[in-house]
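Written out below as structure tokens is the structure these notes cover.
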Protein chains: 2
Amino acid sequence: MLKQDTTLISDDTQVSHLHKVKSTSSDKTSTTLADQILVQIQTSIIKGELPAGSKINEQALAEKYGISRGPTREALHTLERQRLVVRSPHVGARVAQLTVSELNDLYQLRSVLEGMACELAASRITPEQLAKLEDLLACQDAALAKGDTYFQEEGDVDFHYQIIQASGNKHLQETLVGGLYHLLRMYRYQCTNKNRPVKAIAEHRRIVEAIAQRDGELASLLMRRHIEQGRKNTELRLIELQANAAAKETLANIS
Amino acid sequence: MLKQDTTLISDDTQVSHLHKVKSTSSDKTSTTLADQILVQIQTSIIKGELPAGSKINEQALAEKYGISRGPTREALHTLERQRLVVRSPHVGARVAQLTVSELNDLYQLRSVLEGMACELAASRITPEQLAKLEDLLACQDAALAKGDTYFQEEGDVDFHYQIIQASGNKHLQETLVGGLYHLLRMYRYQCTNKNRPVKAIAEHRRIVEAIAQRDGELASLLMRRHIEQGRKNTELRLIELQANAAAKETLANIS
DNA sequence: AGTAAACACATTGTTGACAATCTGTTCAGG
DNA sequence: CCTGAACAGATTGTCAACAATGTGTTTACT
């Protein structure tokens, strides 16, 4: 019923850790059409196949996935909650686009929230959760040795995600995972720096150590610094990217 | 076109400050049906006319407001983003219901976020914004003298809202105003304590003073304490409320 | 030639009918 | 009497057509 023959192959491993998968194996017949295409549109946006700032046509999207406009609208509504899409009445939906200043605001907010998550995690984390975190660190080391950059990205998302989970604060989780994380992933994906992971993983290790020692204050501090590093990196790339876009536009205006 | 003859009279003054109104006077023909009933359902939930935890029937809601299920579903989707409603696929929507622990989590998150807002506001607030805040304090004093409890509530919402605005961080604003505030208002409305405002207004004054003196650290501290007071208050009322509900249920089960 | 109103087109908002799924009940079996 | 499966009813998900609104173009006027 759903067109799967597009170039947009599933690739839902990328979000497998963000949303708890119910079934153990392939969950072909997912709960609802809107949810199914939601994931696909998400990855399209995050990868930049739907560029930041571009207009989204409901009908075109619906036809692309072989469904009607109803579920498409629902998916867009959810994407709006995830900050990946901006909608205005009677005008339509656009892919979100951040100015440099807004990106900094976003990172500042993230920094505060994940700092809070660290502090909570340090006092509430269970031995199992801690073990999972340490497993993850080992995997990241292994991936680093192999030069597997994709898993490094994935692992980084997982690292932050697990700490947020360990915080045990449902509203914090919802705010970060349901609200901010997708937008962060989008800019991280499109503005990532391949040199970062080496240092980032070392920082991860120190954060986990602090949490293991139940030192919430330190863990929070380290996390905030860690995120600040990421912010600087992404900011530079975004400035570069926007400069290119501006240059292209002026060229187009001349001709 | 829209049934206005229900007992649910408009009463949208209550949210007039949360959403910037475009037109200067009566905006009868609002942008979209979904947005119109959204406000009405919001107030129904906040006032407890739709009780916490109760099931929401799409068809019934649609008929109540004389519209079809389409816009109703959209409104429910928005309410889900505002945390006032919980939806699960193929099952339906329920009015959100917090346990005591979740309420504490919510307040903890709010505390951190509004602390951040204070710190930002202290460094970024404009003279105009500061003047508006001080006007508001004066109004609250006047309302207190008259014993106008309704305006006190409204003024409190506005107080926090204006500080959040003054923070200048768009994502912080969206997270608090678009995400958490409605749920907070719901529990505040249903669990409010009439004695609080006297002290609360004094706390407000000190926070504004700290912001005016550009002392972000102090403003943040005072705000977090202020919110902690509110939390304690609401928590006690919620425990009481839930005890009553539990008692009623056991009675019902016996008969 | 530049500006503003009027038009046509495209797109979104809304509706009612139909399909798929869940929930609660009934009925059979142990 | 209790447990479990089949059934019926209700409710949500999806669809396609229609209405309302915004956007861009054309055209008339200064």
Side-chain angles (χ1 to χ4, degrees), chain A residues 1-4 19 21-23 27-41 50-51 53-81 84-96 252-253, chain B residues 1-4 19 21-23 27-41 50-51 53-81 84-97 249 252-253:
Chain A
M1 185 173 281
L2 189 66
K3 275 188 196 164
Q4 288 283 9
H19 303 287
V21 278
K22 278 184 244 168
S23 70
D27 195 357
K28 260 288 193 203
T29 169
S30 176
T31 48
T32 176
L33 278 186
D35 286 344
Q36 290 178 52
I37 66 159
L38 168 64
V39 177
Q40 307 204 27
I41 304 176
L50 292 173
S54 63
K55 179 133 186 10
I56 294 175
N57 186 312
E58 288 180 5
Q59 182 115 331
L61 248 191
E63 280 169 12
K64 178 173 178 181
Y65 295 108
I67 63 176
S68 86
R69 277 179 54 218
T72 307
R73 279 174 72 87
E74 292 233 353
L76 288 176
H77 221 291
T78 302
L79 288 166
E80 190 183 22
R81 175 173 28 168
L84 288 177
V85 151
V86 178
R87 284 178 34 153
S88 35
H90 293 289
V91 173
R94 309 190 81 87
V95 179
N253 282 347
Chain B
M1 184 173 280
L2 188 67
K3 273 190 197 165
Q4 288 283 9
H19 302 287
V21 278
K22 280 185 242 168
S23 70
D27 196 357
K28 260 289 193 202
T29 169
S30 176
T31 49
T32 177
L33 279 186
D35 286 344
Q36 289 177 53
I37 67 160
L38 168 64
V39 178
Q40 306 203 27
I41 305 176
L50 293 173
S54 63
K55 179 133 186 8
I56 295 176
N57 185 311
E58 288 181 4
Q59 182 116 331
L61 248 191
E63 280 168 11
K64 177 172 178 181
Y65 294 108
I67 63 178
S68 85
R69 274 179 56 217
T72 306
R73 279 174 71 86
E74 292 234 353
L76 287 177
H77 221 290
T78 302
L79 287 167
E80 189 184 21
R81 173 172 28 165
L84 287 177
V85 151
V86 179
R87 284 178 35 155
S88 34
H90 292 291
V91 173
R94 309 190 81 88
V95 178
Q97 185 168 37
E249 198 176 330
N253 283 345

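Per chain, numbering begins at 1; letters A, B, ... match sequence-line order.
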Of the candidate nucleotides [options], which contains the atom at the shortest distance from the side chain of [X]?
X	options	value
B/E58	C/dG13, D/dT12, C/dT15	D/dT12
B/K55	D/dT11, C/dG16, D/dT14	D/dT11
A/R73	D/dG13, C/dG13, D/dA16	C/dG13
B/S68	D/dT14, C/dT15, D/dG13	C/dT15
B/V91	D/dG22, C/dT15, C/dT23	C/dT23
A/R69	C/dG13, C/dT11, D/dA16	C/dG13

Spacing of [X] atom [atom1] relative to [N] atom [atom2], expressed in whole Å:
X	N	atom1	atom2	answer
B/N57	D/dG9	CG	C1'	13 Å
A/Q36	C/dT21	CD	P	11 Å
B/R94	D/dT11	CZ	P	13 Å
B/E74	C/dT14	CD	C1'	10 Å
A/E63	C/dT12	CD	P	12 Å
A/L33	D/dA16	CG	C1'	15 Å

> Of B/E63, B/Q59, B/E58, B/E74, which is the lone residue that meets side-chain hydrogen bond (donor to acceptor under 3.5 Å, both in side chains) with B/R69?
Replying inline: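 The side-chain hydrogen bond (donor to acceptor under 3.5 Å, both in side chains) with B/R69 is passed solely by B/E58 among B/E63, B/Q59, B/E58, B/E74.
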
>> Can you tell me how far apart CG (A/N57) and NZ (A/K64) are? Round to the nearest 0.5 Å.
In response: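 If we round to the nearest 0.5 Å, A/N57:CG and A/K64:NZ are 12.0 Å apart.
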
>> Checking the side chain of A/R87 only, and the main-chain atoms of A/A93 only, is there a donor and an acceptor separated by less than 3.5 Å?
In response: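 No, because the side chain of A/R87 does not come within donor-acceptor range (under 3.5 Å) of the backbone of A/A93.
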
> Is there a side-chain contact between A/L33 and A/Y65, using heavy atoms and a 4.5 Å cut-off?
Replying inline: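 Of all side-chain heavy-atom pairs linking A/Y65 with A/L33, none is under 4.5 Å.
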
> Counting any heavy atom closer than 4.0 Å, what does B/G92 reach on the DNA or RNA strands: base, sugar-phosphate only, or nothing?
Replying inline: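 Contact class for B/G92: sugar-phosphate only.
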
> Touch check for B/L76, heavy atoms < 4.0 angstrom, all strands: base, sugar-phosphate only, or nothing?
Replying inline: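 Nothing, no heavy atom under 4.0 Å.
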
